[in-house]
Chemist: 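Here it is: the structure, laid out below.
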Amino acid sequence: MANESMSDPILDLARPEVLALQPYASARALADSAGILLNANESPWAPDGDEGQQLNRYPDPQPPELRRRLAERYDVPEARLLITRGSDEGIDLLIRAFCRADQDPVIVCPPCFGMYALSARIQGAPVKAVPLIDDGAQWRLDEDGLRAALPARLVFLCSPNNPTGNEISSATVESLCRSILGQGLVVVDEAYIEFSEAESMSRLIDRHPNLVILRTLSKAYALAGCRLGSLIADTRVIGLLRRIIAPYPLPTPSVRAGLTALAGPDRLERQLSELAEQKKRLVAGLERLPGIQRLWPGQANFVLIRVADAEALIARAAEAGIRLRNQSAQPGLDNCVRITIGSAEETTRLLDFLESTHAQEPVQ
Ligand SMILES: *Cc1c(COP(=O)(O)O)cnc(C)c1O
């Protein structure tokens with residue numbers, strides 16, 4: 001920690017309790033794991049089916065090989081990367097490190113991912129909503145509204161955004177970082193960036209120490225079940241979050257699966273191009289259906305549609321064994337349904353369902 005009497009545009013934003021606490025020092029963090037390990041009350045025996053993983057041992061808090069591979073894949077310095085139990089944990093850590101209950105507000109731009117506001121509410125942090133603007137074709141940030149809602153400790157943006165699929169320009173993010181330096185951090189959630197043409201904004205941290213990027217292996221890397229996310233930020237932010245992260249957030253089997261997924265880009269590239277193909281088919285099919293009032297294809301592995309009766313469509317889809325997600329509860333999204341892009345076979349089943357349901361009983 002830097003000398004606390006000096007002003008610092010990042011450390012000064014942390015909750016004083018977090019700066020003051022003595023972090024938990026785990027056995028694995030205090031000593032290397034060579035020799036006879038009698039320092040962590042573990043069992044001396046590996047369980048059945050261990051396959052050399054040593055599941056009887058606590059895992060490394062930040063497994064160095066996984067961290068190295070992630071940093072390489074995301075093209076960022078290792079010191080700026082914290083591996084988390086999914087991005088969900090990254091979101092929660094940021095709020096717990098920077099927001100005092102009833103004092104330090106968080107800005108969200110709905111329609112958006114629900115975890116930003118939920119984690120803030122659990123912490124007791126005030127939540128200000130600056131809804132996106134539907135300009136008739138696209139969703140975009142309300143930049144004036146955002147400025148008017150400042151100051152905030154954390155501003156959560158998502159690009160491409162869930163569930164609207166729109167992207168945010170790096171110029172907008174940079175300008176926001178500049179205007180809240182010393183007052184707050186800008187968090188850009190890039191959970192869906194692999195599906196878009198856009199470049200990650202993680203390089204901008206060189207110029208903007210109050211920018212935080214979230215990445216995940218849950219979507220394009222097909223590892224939602226492993227809970228592996230990365231939080232990329234200035235080393236001061238990483239240091240603060242390491243004070244409060246759980247001692248052993250990353251289960252050994254998850255780490256192993258993460259390493260396998262990162263070993264070669266081939267599988268990822270193949271799956272991305274297959275999903276792009278299926279998205280094209282789905283979008284073309286939806287454009288032919290008169291019951292679809294609006295279609296936002298977006299830049300991610302899902303599309304958003306508006307129909308006359310979202311609940312009825314979702315119920316009929318469920319009867320056909322297809323689960324879709326109702327987004328009607330979000331501001332501006334009445335009767336909107338989010339559809340994830342699936343395999344070729346799943347897309348065929350979905351298109352058959354949509355065409356037959358429309359023929360029998362038009363959705364409009
Ligand atoms: C799916 C998703 C994530 C991923 O969360 P994990 O905890 O890493 O699985 C993050 N942000 C958004 C906006 C998402 O839609």
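Side chains are part of it too, since the values below use all heavy atoms of this structure and drop only hydrogens, waters and symmetry mates.
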Chemist: Identify the heavy atoms of Val130 and Gly145 that sit nearest to each other, and give their distance.
Modeler: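 Shortest heavy-atom separation between Val130 and Gly145 comes out as CG1-C, 3.7 Å.
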Chemist: Membership question, hydrophobic clusters at under 4.5 Å side-chain separation (ILVMFWY): are Ile213 and Tyr74 in the same one?
Modeler: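 Both belong to a single hydrophobic cluster.
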Chemist: Kindly indicate whether the side chain of Ile83, heavy atoms from C-beta on, has any atom under 4.5 Å from the side chain of Pro63.
Modeler: yes
Chemist: Taking 4.0 angstrom as the limit, do Asp92 and Arg96 come out as a salt bridge?
Modeler: yes
Chemist: Would you check if Asn166 and Trp296 make a side-chain contact, meaning some heavy-atom pair closer than 4.5 Å?
Modeler: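 Of all side-chain heavy-atom pairs linking Trp296 with Asn166, none is under 4.5 Å.
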Chemist: Considering only NZ, NE, NH1 and NH2 on the basic side and carboxylate oxygens on the acidic side, decide whether Glu345 and Arg349 come within less than 4.0 Å.
Modeler: no
Chemist: Under 6.0 Å from the CZ atom of Arg147, do we count more than 12 heavy atoms belonging to anything else shown?
Modeler: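 Yes - once you tally the heavy atoms of other residues, nucleotides and ligands closer than 6.0 Å, there are more than 12.
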Chemist: Could you walk me through whether Glu167 and Ser196 satisfy the side chain to side chain donor-acceptor pair (under 3.5 Å) test, starting with their C-alpha distance in whole Å, then the side-chain angles of each, then the deciding distance to 0.1 Å, before giving a yes or no?
Modeler: CA-CA 9 Å; Glu167 293 174 324; Ser196 102; 2.8 Å; yes
Chemist: Check the pair Gln293, Val307 against side chain to side chain contact (heavy atoms under 4.5 Å, CB included), reporting the backbone distance first and the verdict last.
Modeler: CA-CA 5 Å; Gln293 300 177 351; Val307 294; 5.7 Å; no
Chemist: More than 12 heavy atoms of other residues, nucleotides or ligands under 6.0 Å from CG of Asp135: yes or no?
Modeler: yes
Chemist: When you group the ILVMFWY residues by side-chain heavy-atom contacts below 4.5 Å and let the links chain together, are Tyr248 and Leu82 in the same group?
Modeler: no
Chemist: Has the side chain of Arg67 got a donor or acceptor atom that lies under 3.5 Å from a matching backbone atom of Glu78?
Modeler: yes
Chemist: With a 4.5 Å cut-off on side-chain heavy-atom distances among I, L, V, M, F, W and Y, is there a chain of contacts connecting Ile193 to Val303?
Modeler: no
Chemist: What I'd like to find out is whether the side chain of Val188 reaches to under 4.5 Å of the side chain of Leu214, using heavy atoms alone.
Modeler: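 SC-SC contact between Val188 and Leu214 ruled out.
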Chemist: Using side-chain heavy atoms (C-beta onward) and a distance below 4.5 Å, is Leu132 in contact with Asp142?
Modeler: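 Contact flag for Leu132/Asp142 side chains = no.
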Chemist: Do the side chains of Asp88 and Arg227 get close enough for a salt bridge, i.e. N-O under 4.0 angstrom?
Modeler: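 Salt bridge between Asp88 and Arg227, a charged N being under 4.0 Å from a carboxylate O: yes.
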Chemist: Whether the side chain of Lys219 engages the backbone of Ala224 through a donor-acceptor N/O pair (distance < 3.5 Å, no angle test) should be reported.
Modeler: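 Not a single qualifying donor-acceptor pair exists.
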Chemist: For Glu65, is there an ion pair with Arg69 - N to carboxylate O distance below 4.0 angstrom?
Modeler: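 Yes, Arg69 and Glu65 are salt-bridged.
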Chemist: When you check the gap from the basic side-chain N to the acidic O, do Glu194 and Arg215 get nearer than 4.0 Å?
Modeler: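 Counted as a salt bridge, because a side-chain N and a carboxylate O are separated by less than 4.0 Å.
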Chemist: State whether Arg316 and Glu319 are salt-bridged, where the test is any N-O pair (Lys NZ or Arg NE/NH1/NH2 against Asp/Glu carboxylate O) under 4.0 Å.
Modeler: no
Chemist: Do Val237 and Leu94 have side chains that get closer than 4.5 Å, going by heavy atoms?
Modeler: yes
Chemist: Just do the salt bridge (Lys or Arg N to Asp or Glu O under 4.0 Å) check on Arg68 and Glu72 with the steps written out, would you?
Modeler: CA-CA 6 Å; Arg68 193 179 64 73; Glu72 202 174 85; 3.3 Å; yes
Chemist: So do Arg121 and Val106 actually touch side chain to side chain, heavy atoms under 4.5 Å?
Modeler: no
Chemist: Give a yes or no on this: more than 12 heavy atoms of other residues, nucleotides or ligands lie within 6.0 Å of atom CZ of Arg267.
Modeler: no
Chemist: Test side chain to side chain contact (heavy atoms under 4.5 Å, CB included) on Cys109 and Leu141 and set out the steps.
Modeler: CA-CA 7 Å; Cys109 301; Leu141 276 185; 3.8 Å; yes
Chemist: Could you tell me whether a side-chain N or O of Asn161 sits under 3.5 Å from a main-chain N or O of Pro111, the two making a donor and an acceptor?
Modeler: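 Side chain of Asn161 to backbone of Pro111, a donor-acceptor pair under 3.5 Å: yes, one is there.
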Chemist: Can you tell me how far the CG atom of Leu157 sits from the CD1 atom of Ile107, to the nearest 0.5 Å?
Modeler: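 The CG atom of Leu157 sits 9.0 Å away from the CD1 atom of Ile107.
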Chemist: Return the CZ to CG distance between Arg294 and Asp134, rounded to the nearest 0.5 Å.
Modeler: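 Arg294 atom CZ to Asp134 atom CG measures 4.5 Å (nearest 0.5 Å).
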Chemist: Working to the nearest 0.5 Å, report the span between CE of Met115 and SG of Cys158.
Modeler: 13.5 Å
Chemist: If I take atom CG from residue Leu354 and atom CD1 from residue Ile322, how far apart are they, to the nearest 0.5 angstrom?
Modeler: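 The CD1 atom of Ile322 is 7.0 Å from CG of Leu354, to the nearest 0.5 Å.
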Chemist: Run the numbers on Thr172 and Ser169 for side chain to side chain donor-acceptor pair (under 3.5 Å), then give the verdict.
Modeler: CA-CA 5 Å; Thr172 301; Ser169 79; 2.9 Å; yes
Chemist: Does atom OH (Tyr221) have a neighbourhood of more than 12 heavy atoms from anything else shown, all under 6.0 Å?
Modeler: yes
Chemist: Ring centres under 6.0 Å, that's the criterion: do Phe302 and Phe195 meet it?
Modeler: no
Chemist: With rounding to the nearest 0.5 Å, note down the distance linking CG in Leu275 to OG in Ser343.
Modeler: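 It comes to 9.0 Å.
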Chemist: Would you confirm whether Asn335, through its side chain, and Ala310, through its main-chain N or O, come within 3.5 Å as a donor-acceptor pair?
Modeler: yes
Chemist: Is there side-chain contact between Lys279 and Asn301, with at least one heavy-atom pair below 4.5 Å?
Modeler: no
Chemist: When you measure from the side chain of Glu89 to the backbone of Arg85, do you find a donor-acceptor pair of N or O atoms at a distance under 3.5 Å?
Modeler: yes
Chemist: Which word best sums up how the rings of Tyr116 and Phe113 line up, parallel for under 30°, tilted for 30 to 60°, or perpendicular for over 60°?
Modeler: perpendicular
Chemist: Hey, any chance Leu181 and Ile238 share a hydrophobic cluster, counting ILVMFWY side chains that come within less than 4.5 Å of each other, even indirectly?
Modeler: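 No, separate clusters.
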Chemist: With a 4.0 Å cut-off, would you call Asp12 and Arg236 a salt bridge?
Modeler: no
Chemist: Does Gln330 use its side chain to pair, donor to acceptor, with the backbone of Cys112 at less than 3.5 Å?
Modeler: yes
Chemist: Going from CD1 on Ile180 to CG on Leu176, what distance comes out if it is rounded to the nearest 0.5 angstrom?
Modeler: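 Those atoms lie 5.0 Å apart.
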Chemist: Are the side chain of Ser328 and the backbone of Asp334 linked by a donor-acceptor contact shorter than 3.5 Å?
Modeler: no
Chemist: If you count heavy atoms of other groups shown closer than 6.0 angstrom to CD of Glu17, is the number above 12?
Modeler: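 Counting other residues, nucleotides and ligands, CD of Glu17 exceeds 12 neighbours.
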Chemist: Transitively linked via ILVMFWY side-chain contacts under 4.5 Å: Leu66 with Tyr58?
Modeler: no
Chemist: For a 4.5 angstrom cut-off between non-hydrogen side-chain atoms, does Gln327 reach Val337?
Modeler: no
Chemist: If the threshold is 4.0 Å, N to carboxylate O, is there a salt bridge linking Arg15 and Asp104?
Modeler: no
Chemist: With a cut-off of 6.0 Å (strictly less than), are more than 12 heavy atoms of other residues, nucleotides or ligands near CZ of Arg203?
Modeler: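 Counting other residues, nucleotides and ligands, CZ of Arg203 stays at 12 neighbours or fewer.
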